[in-house]
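Notes for the one structure printed next.
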Number of protein chains: 2
Amino acid sequence: MKNVASGRGLAGPLFAPRRVALVGVSDDPGKASSRPLAYLRASGYDGTVYPVNARRETVAGERAYPRLLDLPEAPDHVFVMTPPDAAIETIRQCAELRVPLATVLAGGFADSGPAGQARQRELARVAADGGVRLLGPSSIGLVNLRNGLRLTGNAVFGDAGFPVGGTVVASQSGSMIGALVSRGTAKGVGFATVISVGGEADLSVGEVCAATLDDPDVTGYLLFLEAIRHPDRLAAFAREAAARGRPVVAYKLGRSAAAAELAVSHSGALVGEDDVAAELLAALGIARVDTLDGLLDAPAMLHRLPLPTAPDANAAAGASRSRRRPAVGLVTTTGGGAAMVVDQLGVRGVEVARPSEQTYQRLAAAGVDVAAGRIVDLTLTGTRYETMRAALEVLASAPEFDVLIVAVGSSARLRPDLAVLPIIDVVRGTVPSALASPPTPAAEPAGPVGGGPVIGAFLVPDAPQAAALLATAGVPVFTTPEACGDVLAAAFARRPPRADHRPYSPDPGRPGVLLDEAAAYRLLRDVGFPVVDHVVLGLADLAAAGVPALPFDYPVAVKALDAALPHKTDAGGVVLDVPGPARLQDAARRVADNVAASGVRLERVLVTPMTRGLGELLVGYRLDAQVGPVVVLAAGGTLTELYRDRAVRLAPVDDVAARAMLREVVAVRALEGYRGAPTGDLDAVAGAIVALSRLADQPRVVEAEVNPLVVAPDGQGALGLDALVRVLPGRTS
Amino acid sequence: MKNVASGRGLAGPLFAPRRVALVGVSDDPGKASSRPLAYLRASGYDGTVYPVNARRETVAGERAYPRLLDLPEAPDHVFVMTPPDAAIETIRQCAELRVPLATVLAGGFADSGPAGQARQRELARVAADGGVRLLGPSSIGLVNLRNGLRLTGNAVFGDAGFPVGGTVVASQSGSMIGALVSRGTAKGVGFATVISVGGEADLSVGEVCAATLDDPDVTGYLLFLEAIRHPDRLAAFAREAAARGRPVVAYKLGRSAAAAELAVSHSGALVGEDDVAAELLAALGIARVDTLDGLLDAPAMLHRLPLPTAPDANAAAGASRSRRRPAVGLVTTTGGGAAMVVDQLGVRGVEVARPSEQTYQRLAAAGVDVAAGRIVDLTLTGTRYETMRAALEVLASAPEFDVLIVAVGSSARLRPDLAVLPIIDVVRGTVPSALASPPTPAAEPAGPVGGGPVIGAFLVPDAPQAAALLATAGVPVFTTPEACGDVLAAAFARRPPRADHRPYSPDPGRPGVLLDEAAAYRLLRDVGFPVVDHVVLGLADLAAAGVPALPFDYPVAVKALDAALPHKTDAGGVVLDVPGPARLQDAARRVADNVAASGVRLERVLVTPMTRGLGELLVGYRLDAQVGPVVVLAAGGTLTELYRDRAVRLAPVDDVAARAMLREVVAVRALEGYRGAPTGDLDAVAGAIVALSRLADQPRVVEAEVNPLVVAPDGQGALGLDALVRVLPGRTS
């Protein structure tokens, strides 16, 4: 694994190269590969640009060189636009010239079957051997909006100017760099740099972002992700970004592919690839949004809302039971507009907080004549600067809110002086200003004077002028209620990045072998996981010597014990409620006869006491191919799988995280005294989750699932009643 | 109930009045009540406008009249901007002058406590007695974009011009008329008329929309709703609109308030106000969207997608088991942009359909070199007019799609000639055109030549020019992936309006009285609902004469029988698994002793055979205060309530609708052979739902709930094992 520092040395060649070569640049203005030269010439980039084209002496009227090796000096960034095989040859030439960095546009590598995968390995090997760092393949290039470096053929960058901001954009999806910049421009949102990372054969999202960590103008990061390819590098970057107070927001494709592959265990069906990716992002303090507008609106809000310091403290924003939940206040000049925000927050589990009695008294004292309710609705007062300003001054110093959203109605479009300007003035702590003297751009976005809630605005009509005024003044703006709900929910769900995230290099394809239930219990007990008492009886011994004394009372369960029987109930391998020793031998014989039909010649049975509790949960552990060890909590049974009701965390987890998982699983509420039912021992369940997650210390364990984990009444524990464990062959435990 | 036809006579006064009076118009340009006069003068409205102001001789330089009665002629539309009490007086004067219609701006009526409610009754009475139809109170007015009638103070309408279209907008939320028109304008979407219906003391959403049914330029309807106030009028209108092929789309607030009041039955907690409103909209063929962008984008798409003709045929778009599901094809020049659409459709239960082998062969024959996959991804072919056109020509005549979405990448922004123009040309069936000769506006939006799928576009970058080109050419355009998913899911979920929807005037506040379980069973059997066999035994008889012979086998259940014990299990009023007559008397005694603690002196017990099945469901019926009789299907038990897993329909329902309900409830899948489990008798469940819904014929039944309905294996039926019925006092059954 390359370390983060290595990424930083790349900042120059990546974002401010002095000598750029365009290999395969086209002379045909109808082709996308002609655009980088045109863009660089038009955009004011002040480095040297060398066109390289094997078949033309000139390109766009400029001298072109036949090969990279023919250039008068070595470039520090080569943009390779040739087909795959020629691209590998170009990288060879880069190595010869000691070029530090090359961007490869061509597809046809790892995304093109086994031949393409072999080609990608060759590309990466040639680059690594030659000391050339690679962006791509399938990178559509990168753009530094601050110095005119438009090293891309993306059609959007033919536009003359784009606003500049502090956010770095990194996208696995090439075309999205143009989509995000154009959409940001329409909103008045600017970026620092946008990078298409492509197939990440070498440089990954984490590394290119890390290369900007020392850039003092950068304020945050926006990621467009298709998959998690290099979790360790992403983790190293995310921790550094959090340490510098720079928020990271991500939009990740794959939400709908969650109906995952069927695995030998239920956990596989319960937790798909996207769930694991979601948990990795959460564990790294990265806010994940679900709307495209939200992705663009998020940086401004996240920048003002500090990451929670307590791990998993807000993880249950979607549940109704966490103790201190982030509070959103809502002020409006339009009831219907505000109601949309209430709804969009509500469906995401964020409630709008009602101002306190004291706050309403202060509003009245400030001359704001408004009926007390969940939202401060100024509709009937008329839309006036003085009223809005007075209301905001009171609310901005009210202790009950973390965020205050001002929903501005129709006046925002043509009369921003009425309800938009007071927002700006209160946030800046200035005396009332007039539109004639618009606010100067805020170098560093400001919160309200004297702390208090972060103030944001939702503009109910289309009001681009107001949006621009607010954005320029450093006020987070939302133009749809969905984006407002999305961003705030994502912001509140953030956790501080885990310091203990372990390096994990994805290593799929090692299925391991199943242990029998007794061996599984031994392994679980070793990590402190509570399992049911049990005795192993050999069928031959039973026949020869009869039933021995058991260390627990009857009735008991008799189960076939053989690693080849993961689904023993289906095979008739379980007899429950055996009332006494007289019936045990018969039960063992029945079990053996039944499983013989599955081709298993049974030698041993497992005997356990019958155990019942208030409810049953499922806990699972697995080495995920994307991110490494994860734990899962879910309710037991078929219905839960249908509902996909579960919580996932990177392993190991501590008690705080285990309790957050309990809050996320809806079925757990049935064990919390819901509708007068008795409460289950959730302390014991939390302890069991923590114990199971310790399997992360045992790299030979590929998967472990306890189903059911029977939950007894409060104070009486929880016990695993069945277990399925797969380990890599080799040592036995 | 007023009939629809009465609404139509209102079209003139509402949308094309010849003489408008503005009562309470202000001379102070800083006040919103000054704006209607200014707007009418600036917008080219060619009728007569009379300012009325009790305290000024002139307003905005025009002669003002002190009272309505002082006008030289009677207006045909009076816009009343005075405070509430003066407004009532003005309506009196309207009556005197035989003014057909008045719009009342003031709030402070039904939304302001008991005094306000009394004031609203007075307002409505004065109007009705005087023959004046009312829009409002709390109506911010209305705007006819086709004739300059800007009868509103909403700040947005100070803009000079807005595009005109065929969609009528009606909003219960006043300020939203400005928000919708401004947002539509930004998208190039025009409207015919926008109306703020306010508190609907007289004219409701349904009636104002019905007033435009004979307007030949109207193509569809867009509703912004806070609540369902007049379901019958909405129903009458929706049926007429569907008969004329005009789609209706609604955005309704209240999604998040779904965590409903706790009722005596579970159905109350399972089905909230918003669920019932959602079902009413669905039953009326109204598409409900969840995003603000989707609301504006929907009419263009809905106009091209006919309502399904089979009732409930597509109702299970969200489930994975319906037979013929609407198929969406996807073509793109950008993988990432298309993937967002796939995701947003997928999370709403709509899958992107893979083109057939034959279609891929036709694409190859047409020179479109693309790898076969779920989406037709042209990324690697380069973005070219010829390629896109050839691909669209093949796909537009492929039989497998209902809708074809073209996701256009970065080229859309500056080069709409490459991938946007071919869409337009294929939809219009024209020869390739050039941007130099833009398409002329389509009077009637056109589908692709020769039928085939409806073609829509999703623009991945910000590309307003392309959006306008497409909209003008009659191609539905989406600018966010969320709106695309939202609109298509809502379109596919539509059902034809129910012809049998019964007039229902909301009549809350009649709680009814509980029947005991035996009486409840009698009532259920009368409508054909299958309930468990049972015998009623008097405790005195039992003591005197012993246990009689039962008409069913032991073991049996013994249950306290008393209407005062709706939750008899909690009260210890149930003993299960009574093995024989010897124990029955003892069980009855225990039950009586237990319920004595609840203050019930038990006289009778109900005895039923013990019955077990594969699973348990809940079916419920109630007279909903908003919409009248509804049926609910849900899984039984606490977890299901936590998951809110249920389906709702207006009662009565037929077998087709009952089966659609079964498809909507996730828990039902556990009874469909999921993971090899045996299948339950869902035919019997459907029959039970149909039977229960017949209670709609018995207006004295307020609520009925069967929980559990035990589902036996396929072919063996389903039986209600407990029932809770409330009826209005009076006749006994």
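Bear in mind the structure is a predicted one, so any value in this text is a computation, not a measurement. Chain letters run A, B, ... following the sequence lines, proteins first, then strands; residues in each count from 1. When reading the values below, keep in mind they use all heavy atoms of this one structure, side chains included, and skip hydrogens, waters and symmetry mates.
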Determine the option with the most heavy-atom pairs under 4.5 angstrom with chain B, choosing from [options].
options                                   : answer
Ala179(A), Pro464(A), Gly337(A)           : Ala179(A)
Ala667(A), Ala186(A), Pro461(A)           : Pro461(A)
Gly30(A), Ser173(A), Ser175(A), Gly346(A) : Ser175(A)
Val460(A), Thr334(A), Val347(A)           : Val460(A)

Residue part contacting chain B, namely of [X], when any heavy atom lies under 4.5 Å:
X         : result
Met176(A) : side chain
Ala339(A) : both
Arg413(A) : side chain
Phe157(A) : neither
Asp159(A) : both

CG of Asp293(A) to OG1 of Thr479(B), rounded to nearest 0.5 Å, is 8.0 Å
Less than 4.5 Å apart, any side-chain heavy atom of Arg255(A) and any of Gln344(B)?
no
Check against side chain to side chain contact (heavy atoms under 4.5 Å, CB included), Val156(A) and Leu414(B):
CA-CA 7 Å; Val156(A) 158; Leu414(B) 301 176; over 6 Å; no
Could you pull out all residues at least two apart from Phe458(A) that satisfy ring-ring contact (aromatic ring centres under 6.0 Å, His included)?
none
Under 3.5 Å, is there a donor-acceptor pair between the side chain of [X] and the main chain of [Y]?
X         : Y         : answer
Glu482(B) : Leu292(A) : yes
Asp343(A) : Leu253(B) : no
Ser182(B) : Asp462(A) : yes

Select one option (side chain, backbone, both, neither) describing which atoms of Leu459(B) are under 4.5 Å from chain A's heavy atoms.
backbone
